[in-house]
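Notes follow once the structure below has been shown.
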Amino acid sequence: MKLLDGEINQLNTQGFLILQERFSLEEVKTIKSRLPFLFAEKHPGNIKEKESQCVRTSMGLHKRDCVFERLVSHPKLIEPAKQIYSEPLYIQQVKVNVKEAFSGEIWQWHYDFATHREEDGVEKPLAVNLHIFLDDVTEFNGPIYFIPQSHKYGDHAALLDKTSTSYPLWVVSNEVVKSLVESHGIVSATGKKGTVLIFFDTIVHGSPGNMSPWDRSIFSLIVNPVSNPPLKPTRPDYKHHLDFSPINPLSDNCLIRKD
Ligand SMILES: O=C(O)CCC(=O)C(=O)O
């Protein structure tokens, strides 16, 4: 799947791009069918919500499951990433973020590069986050909020928040968010299951809790140029993988082929 020139322009201008229903219902079903087994595993990559103890995020999935092993090389994700950077890319992080109906908790306002810089020693904000919606994501079930164009400001001061949720995160202050939102507003990324969402490392984003009766799960693959590795990795492998082999896209039917 190649991005059109207009889509690349939109990504560069806004910092994020939503591509409605690019994965089929059969592909989404195949991906989702693996989750109950993965979530039931006793694995350090399964991180539970602070309150409900439901899985909040499940990481390192391409090393734990054969469907995710193929998904990280899917051309619908990797071809757009290769259009953005015409250099070899490695797999930095692979996860499913869950927001269970009624209990899924927030992700505070942040930009991903703050964590990549502070915890992994990555030098440049070149990582690209590639998402697939595994459920319909609506205004009600905890969509990701973006501040359009906030990626253009580069680095904002960030602080490590270890208490708001079970997942330590480098967050930006309310003052920074207020001033960015006054200029650029907020957009919530919604779409049917199978929708692809692409966003840059410095865009400021977050998401509210899910008080609706509908689950919300999103697959996330972060890729980074091989020339931009972590120089001081401190996090476990499932949070930032250290295999810098270049990703090569598989065939279009790699998820649903029978083998
Ligand atoms: O899943 C969410 O709601 C937030 C995810 C997020 O902020 C991220 O992937 O960086």
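Order of appearance sets the numbers: ligands from 1, and atoms from 1 within every ligand.
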Mind jotting down which residue pairs meet the salt bridge (Lys or Arg N to Asp or Glu O under 4.0 Å) criterion with at least one end in residues 179-190? Sequence neighbours excluded, please.
Lys178-Glu182
Among the heavy atoms of Ile144, does any lie under 4.0 Å from an atom of ligand 1?
yes
How far is atom 7 (O) of ligand 1 from the closest protein heavy atom, and which atom is that?
His110 CE1, 2.9 Å
By number and element, which atoms of ligand 1 are closer than 4.0 Å to a non-hydrogen atom of Ser207?
2 (C), 3 (O), 4 (C)
Under a 4.0 Å heavy-atom limit, does Asn129 contact ligand 1 with its side chain, its backbone, both, or neither?
side chain
Options Tyr111, Trp107, Tyr145, ranked by nearest heavy atom to atom 2 (C) of ligand 1, top entry
Trp107
So, are Asp252 and Lys76 salt-bridged, with charged N and O less than 4.0 Å apart?
no
Atom indices of ligand 1 within 4.0 angstrom of Asp112 heavy atoms, with elements:
10 (O)
Return the closest protein heavy atom for atom 1 (O) of ligand 1 as residue, atom name and distance.
Arg216 NH2, 2.8 Å
Taking salt bridge (charged side-chain N to carboxylate O under 4.0 Å, His left out) as the definition, give me every residue that meets it alongside Glu7, ordered by chain and number, with sequence neighbours left out.
Arg22
Heteroatom distance test (Asn97, ligand 1): nitrogen or oxygen, under 3.5 angstrom:
yes
For His205, the atoms of ligand 1 under 4.0 Å from one of its heavy atoms are 6 (C), 7 (O), 8 (C), 10 (O)
To the closest 0.5 Å, what do you measure between OG (Ser179) and NE2 (His156)?
8.0 Å
Honestly, for Glu105 the part within reach of ligand 1 (heavy atoms, under 4.0 Å) is neither
When you check the gap from the basic side-chain N to the acidic O, do Arg64 and Glu41 get nearer than 4.0 Å?
yes
Ligand 1 atoms nearer than 4.0 angstrom to some heavy atom of His131 are 9 (O)
Atoms of ligand 1 under 4.0 Å from any heavy atom of Lys99, numbered from 1 in the order shown, are 3 (O)
So, are Glu49 and Arg56 salt-bridged, with charged N and O less than 4.0 Å apart?
yes
Output yes when Asp120 and Arg235 qualify as a salt bridge under the 4.0 Å nitrogen-oxygen rule, no when they do not.
yes
For Trp214, does its backbone N or O pair with a side-chain atom of Asn210 as donor and acceptor, under 3.5 Å?
yes
